[in-house]
Structures are given as C-alpha cells and as structure tokens.
**Student:** 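Here it is, the structure in full.
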Amino acid sequence: MKKQVLSIYVLMAMLPLAAVSCVEEDFEAGEPDLENCCGVYFPSQRTSFLLDDKGDESWTLTFTVKRLKDEGPATVPYTFTVSPDPGESAVFQVSEIKFEDGQAETEITVSVPRDVPEMTGVEYTCSLSVDDPEYALAYGEYSSSMDFSFLIIKWNRLGTEDAPYGRWRDGILGGIYIVSNPGENSEVTVYERDDLPGYFRLENAYSAEYLRDIFEPSATLEEYESYTRNDRIIIDASNPSAVIFPEQELGVNFESGWISAASCVSGILDIDEEDSIYGTYDKASGVIEFPEESIAISESGYMDGEWVESNDKILTRLVLPGFSVYDWSVVLDAGLSEDGQLPVHYTLGSDVTRAKYAVYGGVLSESEAQEKAAGIAAGTETGVKEIYPGMDGASEDEDGYYLEISGLETGVYTLVSANYGAVAGEGGAASAAD
C-alpha cells in the first residue's frame with residue numbers, strides 16, 4: 001500500500017515539470033494558391049474495375065475531371081503511374097485533360113493494354129495527379145489526384161465437347177410475372193474465374209428462346225427478342241454453403257424497366273445476417289440451388305422498384321456442365337373407394353421409365369417402407385406389380401396414370417414403390433385407405 005501512495009505523489013510531482021518543458025515552435029504559412037488557379041479536381045467516382053480477358057467489353061476506362069473556374073480553354077498537365085510495374089511491353093494509352101472555354105467538366109480515358117498476358121490475375125493500382133499550381137489547388141476539399149485499380153480476370157469455360165453446356169432453371173421472374181411453363185431448363189455456357197474457384201458466369205441464361213418457352217411456348221421467337229439483351233449472370237459460389245446471387249440486372253425488360261435480382265442476404269439488401277438466406281453448392285453433384293424466397297426481384301415499373309421476395313414457386317437452380325440431375329420422384333394420390341375399388345393416381349418423375357409396387361397392410365414407418373422398396377427392387381417381395389408407359393389396365397393422363405386396386409378389406413394400407421430409369425432408381429412410399 002505504501003508503494004502505491006508513493007507512486008501517486010511522484011506522478012503529481014512530475015506534472016508541473018512536464019508543463020514547463022514545452023518548447024514554443026515557429027510555424028511558417030505555406031504559399032497561397034495562385035490567384036488564376038482554375039482548381040482542377042477529380043470528383044468521387046468508380047475506382048475499381050474487373051476486366052474480362054475473353055470479353056468483348058472495352059478496356060478503356062473513363063473518368064470525370066472538373067474545374068472550379070471555367071474561364072478560358074485549358075490543357076492540363078498531369079502525371080500517370082502504374083504499380084506494380086507491368087513492364088515495358090505494357091503501353092497504356094491515356095488521353096489529354098482538356099477544357100474548352102466555359103467548360104467545367106471533361107473526361108480522361110485510360111486504355112489498358114490487352115496484349116500482355118503476364119498482367120492477367122494481377123491487381124494494378126494507377127494514379128492520376130495534377131500537380132502544377134496553375135491548375136491544382138494546394139488547400140481545400142478538392143482532390144487534384146485520384147487512384148484507381150483494375151484486375152484482369154481469367155475465365156475458364158467449363159464442360160467438354162460431349163457436355164458443353166450447363167442447365168439453368170429460373171425461379172426468379174415468377175415473383176412478379178405469371179410463368180406458364182415453370183421448371184423449364186435452358187442450356188447456358190458457364191465460365192469459372194481462374195483466381196476464384198466457385199465464382200461462375202452464365203451466358204444466355206435469359207435468351208429470347210428461354211423467355212418464350214417459360215412464358216408463351218406457342219409464341220414466335222421474334223416476339224421475345226425485344227425483351228432481352230442477353231446479359232451475363234454472375235453466381236458467387238466460392239463459399240459452397242453460402243452461395244450468393246449478387247445484385248445485378250437480368251437483361252430482361254418487359255417494357256416496365258430492366259429487371260434486377262439479388263440474394264436476400266446481409267450486405268446486399270437491407271437484411272440482418274440472422275435473416276439471410278443463402279444458396280448451396282454441392283460440388284459432388286455439380287448443382288447450385290437457391291432455397292425458397294432466397295432471391296428478391298425488382299422492376300422500376302412495378303411497386304416503384306421495391307424489392308419483392310421471389311424464388312417461391314420453382315427454386316432457381318444451375319446444373320454445371322458435365323453433371324445431370326435426375327427426377328426419380330413418385331407421387332401417389334388415393335381417391336375414394338367404391339365397391340371395393342380404390343383408385344390411385346400414380347405420377348412418375350420425368351426420368352422414371354417404369355415402377356414396381358406392392359401393397360402392405362397398416363401404416364409402415366419410413367424405415368420399413370425403405371426396406372420394402374429395397375426388397376421390391378431385389379425381387380424378394382411377393383405380390384409385386386409393375387407400371388410403365390403403354391401398359392394394360394391403367395388409364396393415362398398428362399400427369400400420370402390411374403390404377404384400380406381391389407381385393408382388399410376395409411382398412412389402412414401402405415403402397416410402396418420402387419422406381420427405375422435408364423440410369424438408376426430409388427424407392428418411395430405412400431399410404432392409401434380403403
């Protein structure tokens with residue numbers, strides 16, 4: 001305790017010493033800005049760019065330059081630097097900064113060289129600086145210099161000669177429009193960033209042909225060509241468990257403004273992280289899928305452009321080139337029994353070519369139904385019947401088949417189905433009462 005008191009008194013004794021040890025310094029005022037300085041500056045603007053190594057977009061970047069005094073013409077001297085050094089073979093074409101009399105705003109363009117492969121994948125920072133006091137103010141809020149960066153991205157096309165395309169299924173447009181043919185797939189060209197695996201770019205996702213097929217299959221292709229500009233679509237699946245659909249225009253305009261879409265996640269829309277809904281990327285199956293209401297849609301001519309939850313009727317999905325998704329589903333709907341006859345509507349998935357089924361008394365648990373389905377597939381179960389296109393004894397409609405099950409006493413039964421296709425099959429189960 002004594003040591004603590006002593007330290008306090010020592011500190012108090014030192015304070016006056018510190019107060020008297022200040023040294024008075026002399027400051028000299030800087031040179032004032034020139035009276036005729038026109039005050040050239042760079043306003044706030046975009047300063048980060050991603051350039052596509054195989055794209056058709058221009059690699060000429062355009063920046064705005066302004067001046068405070070617009071009297072008289074002026075060609076403004078400036079310096080331009082690039083870091084890191086791209087080498088002597090990288091020649092940047094940079095335009096003049098030129099003002100006409102009475103002109104307060106102009107542009108400067110910087111053309112990035114396309115013929116230097118070594119620049120791909122390297123982020124460069126460029127500086128534009130106006131230093132001449134005749135043109136640049138030394139003081140104040142207006143900056144006479146600006147830095148910008150660019151990264152040349154290498155994109156790798158996915159797929160093979162035998163499987164060159166992925167399959168895109170839209171569930172977004174249904175948030176605003178009535179889609180008459182939901183679930184339709186479109187062939188898309190898919191690219192992946194070389195420096196960021198899982199970051200994909202889709203081409204032709206919303207082609208005129210695809211829009212026609214999902215909205216009005218009987219319409220002519222020409223009717224839908226004016227509704228699309230074939231924008232590229234980006235999907236960020238670099239984190240497979242938190243896939244993002246970045247905010248972007250879809251390149252679709254039904255005369256009510258260009259349609260945009262974005263993931264319902266924090267950092268993109270005004271959503272808390274705990275309420276964010278991400279997509280998933282299963283690398284083993286090559287499938288990227290967005291859960292229900294995980295994507296919002298906006299159109300300037302609809303509700304003043306407010307974001308509307310979408311992706312609720314059909315889930316938006318991308319199947320990467322070389323992968324396939326099979327529909328082995330079966331849906332059983334039992335009708336009302338009459339005179340010992342129980343009608344059952346049997347809907348087979350699009351990849352199911354035939355199905356075998358058997359009826360069991362009582363309600364089976366899921367594990368019991370799976371065991372029975374395995375037995376049906378293995379041929380060890382008795383009383384098994386088969387259903388397939390064109391078979392006798394079953395009427396067919398556009399959604400499936402109608403069967404009549406008879407010979408059973410009143411009670412509860414479980415119908416177990418094992419499905420087959422050209423590639424593989426799996427079983428399913430449903431219950432029906434008689």
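Each residue takes its place number in the sequence, starting with 1. This is a predicted model, so every value here is computed, not measured.
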**Student:** Going from CG on L318 to CD1 on I288, what distance comes out if it is rounded to the nearest 0.5 angstrom?
**Tutor:**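 Atom-to-atom, L318:CG and I288:CD1 are 5.0 Å apart.
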**Student:** Are the side chain of Y413 and the backbone of E409 linked by a donor-acceptor contact shorter than 3.5 Å?
**Tutor:**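 Yes.
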**Student:** If we only count heavy atoms from C-beta on, is the L211 to L173 side-chain gap below 4.5 Å?
**Tutor:**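 L211 reaches L173 side chain to side chain.
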**Student:** With no hydrogens and no angle check, is any side-chain donor or acceptor of R212 less than 3.5 Å from a backbone partner on I214?
**Tutor:**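 Such a contact is absent between R212 side chain and I214 backbone.
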**Student:** State whether the side chain of S256 and the backbone N or O of G301 hold a donor-acceptor pair below 3.5 Å, judged by distance alone.
**Tutor:**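 Not confirmed, S256 side chain does not pair with G301 backbone.
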**Student:** Grab the two heavy atoms, one from I235 and one from P246, that are nearest each other, plus how far apart they are.
**Tutor:**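 It is CA-CD, 4.3 Å.
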**Student:** Tell me the closest heavy-atom pair linking P43 and V65, and the distance in Å.
**Tutor:**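 Closest heavy-atom pair between P43 and V65: CD-CA, 4.4 Å.
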**Student:** How are the rings of Y206 and Y210 set relative to one another: parallel (under 30°), tilted (30 to 60°) or perpendicular (over 60°)?
**Tutor:**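 Tilted: the ring planes of Y206 and Y210 meet at 30° to 60°.
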**Student:** Should R229 and W258 be marked as a side chain to side chain contact (heavy atoms under 4.5 Å, CB included) after you check the CA-CA gap, both sets of side-chain angles, and the distance that decides it?
**Tutor:** CA-CA 10 Å; R229 63 186 182 198; W258 294 105; 3.3 Å; yes
**Student:** With a 4.5 Å limit on heavy-atom distance, are the side chains of V265 and I271 in contact?
**Tutor:**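 V265 vs I271: side chains apart.
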**Student:** What I'd like to find out is whether the side chain of I297 reaches to under 4.5 Å of the side chain of V308, using heavy atoms alone.
**Tutor:**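 I297 vs V308: side chains touch.
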**Student:** Is the count of non-hydrogen atoms from other residues, nucleotides or ligands lying under 6.0 Å from E161 atom CD greater than 12?
**Tutor:**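 No.
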**Student:** Could you measure the distance from the CE atom of M146 to the OG atom of S44? Nearest 0.5 Å is fine.
**Tutor:**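 Between M146 CE and S44 OG, I get 10.5 Å after rounding to 0.5 Å.
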**Student:** Taking the side chain from N239 and the backbone from S241, do they hold a donor-acceptor pair closer than 3.5 Å?
**Tutor:**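 Yes, because the side chain of N239 sits within donor-acceptor range (under 3.5 Å) of the backbone of S241.
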**Student:** Donor-acceptor check, side chain of N185 to backbone of G183, threshold 3.5 angstrom: yes or no?
**Tutor:**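 Checking the backbone N and O of G183 against the side chain of N185, a donor-acceptor pair under 3.5 Å is found.
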**Student:** Could you state the interatomic distance from CG (D52) to CG (L151), rounded to the nearest 0.5 Å?
**Tutor:**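 Here the rounded value is 11.0 Å.
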**Student:** Taking Q45 for its side chain and T64 for its backbone only, find out whether a donor-acceptor pair lies under 3.5 Å.
**Tutor:**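 At least one qualifying donor-acceptor pair exists.
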**Student:** Just one of I244, D236, V243 clears the side-chain contact (heavy atoms from CB on, under 4.5 Å) bar with S263, so which one?
**Tutor:**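 Only one option passes, and that is I244.
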**Student:** State the CZ-OG1 distance between R157 and T189, to the nearest 0.5 angstrom.
**Tutor:**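 So the gap between those two atoms works out to 4.5 Å.
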**Student:** Could you walk me through whether L68 and L137 pass side chain to side chain contact (heavy atoms under 4.5 Å, CB included), step by step?
**Tutor:** CA-CA 10 Å; L68 299 175; L137 295 171; 3.5 Å; yes
**Student:** Quick one, E299 and Y177 - any side-chain contact, counting heavy atoms below 4.5 Å?
**Tutor:**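 Yes, close enough: below the 4.5 Å cut-off.
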**Student:** Check F148, F42, F80 against F63 for a ring-ring contact (aromatic ring centres under 6.0 Å, His included) and give me the one that passes.
**Tutor:**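 It is F148, the one option of F148, F42, F80 that forms the ring-ring contact (aromatic ring centres under 6.0 Å, His included) with F63.
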**Student:** Could you tell me whether a side-chain N or O of D33 sits under 3.5 Å from a main-chain N or O of A138, the two making a donor and an acceptor?
**Tutor:**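 At least one qualifying donor-acceptor pair exists.
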**Student:** How about Y165: does its OH atom have over 12 heavy atoms from other parts shown lying under 6.0 Å from it?
**Tutor:**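 Result for OH/Y165: open.
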**Student:** Show the numbers, then the answer: is there a side chain to side chain contact (heavy atoms under 4.5 Å, CB included) between D70 and Q103?
**Tutor:** CA-CA 5 Å; D70 60 7; Q103 184 181 7; 5.9 Å; no
**Student:** Calculate, to the nearest 0.5 Å, the distance between atoms CG and CG belonging to D170 and D213 respectively.
**Tutor:**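 Between atom CG of D170 and atom CG of D213 there are 12.5 Å.
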**Student:** Side chain to side chain contact (heavy atoms under 4.5 Å, CB included) for K385 and V359? Distances and angles first, verdict last.
**Tutor:** CA-CA 9 Å; K385 297 182 180 180; V359 179; over 6 Å; no
**Student:** List the atom of G362, the atom of T414, and the distance in Å for their closest heavy-atom pair.
**Tutor:**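 Heavy atoms of G362 and T414 come nearest at O-OG1, 2.7 Å.
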**Student:** Would the F215 and F254 ring centres measure less than 6.0 Å apart?
**Tutor:**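 Under 6.0 Å, so yes.
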**Student:** Atom CD of residue position E222 - does it have more than 12 heavy atoms of other residues, nucleotides or ligands inside 6.0 Å?
**Tutor:**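 For E222, atom CD is crowded (more than 12 foreign heavy atoms under 6.0 Å).
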**Student:** Tell me, with the steps shown, if S129 and D131 meet side chain to side chain donor-acceptor pair (under 3.5 Å).
**Tutor:** CA-CA 6 Å; S129 181; D131 303 312; 2.7 Å; yes
**Student:** Over all heavy atoms of both residues, which pair between S276 and S266 is shortest? Give the atoms and the distance, please.
**Tutor:**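 Minimum heavy-atom contact is OG-N, 2.8 Å.
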**Student:** Considering non-hydrogen atoms only, spot the tightest contact between R232 and Q248 and give its length.
**Tutor:**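 Scanning both residues, the minimum pair turns out to be O-OE1, 3.9 Å.
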**Student:** Kindly write out the residues that satisfy side chain to side chain contact (heavy atoms under 4.5 Å, CB included) with E71, not counting sequence neighbours, or none if the list is empty.
**Tutor:**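 Counting only residues at least two positions away or on another chain, E71 forms a side chain to side chain contact (heavy atoms under 4.5 Å, CB included) with K69.
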**Student:** What distance do E289 atom CD and R317 atom CZ have between them, rounded to the nearest 0.5 Å?
**Tutor:**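 Output value for this atom pair is 6.0 Å.
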**Student:** In plain terms, say whether E386 and K356 are close enough for a salt bridge, that is, a side-chain N and a carboxylate O under 4.0 Å apart.
**Tutor:**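 Salt bridge: no.
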**Student:** So which pairs with a foot in residues 74-101 pass side chain to side chain donor-acceptor pair (under 3.5 Å), sequence neighbours left out?
**Tutor:**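 Listed once each, the pairs are S95-T109.
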**Student:** Around E371, counting heavy atoms of other residues, nucleotides and ligands shown, do more than 12 lie under 6.0 Å from its CD?
**Tutor:**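 Open: at most 12 neighbouring heavy atoms sit under 6.0 Å from CD of E371.
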**Student:** Scan side-chain atoms only and decide if E203 and Y191 contain a donor-acceptor pair under the 3.5 Å cut-off.
**Tutor:**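 Short answer, no.
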**Student:** Are side-chain heavy atoms of Y281 and F200 found at a separation under 4.5 Å?
**Tutor:**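 Touching, per the 4.5 Å side-chain cut-off.
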**Student:** Shortest non-hydrogen contact from Y124 to E118?
**Tutor:**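 For Y124 versus E118, the nearest heavy atoms are OH-O, 4.3 Å.
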**Student:** Is there a side-chain contact between D147 and T47, using heavy atoms and a 4.5 Å cut-off?
**Tutor:**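 A side-chain contact under 4.5 Å is absent here.
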**Student:** With a 4.5 Å limit on heavy-atom distance, are the side chains of R193 and L50 in contact?
**Tutor:**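 Counting from C-beta outward, R193 and L50 do come under 4.5 Å.
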**Student:** For the residue pair T316 and N311, confirm or rule out a side-chain donor-acceptor distance under 3.5 Å.
**Tutor:**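 Yes - a donor-acceptor pair under 3.5 Å links their side chains.
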**Student:** State, with a plain yes or no, whether a side-chain heavy atom of W59 is found less than 4.5 Å away from one of I152.
**Tutor:**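 Side chain of W59 against side chain of I152, heavy atoms only: contact under 4.5 Å found.
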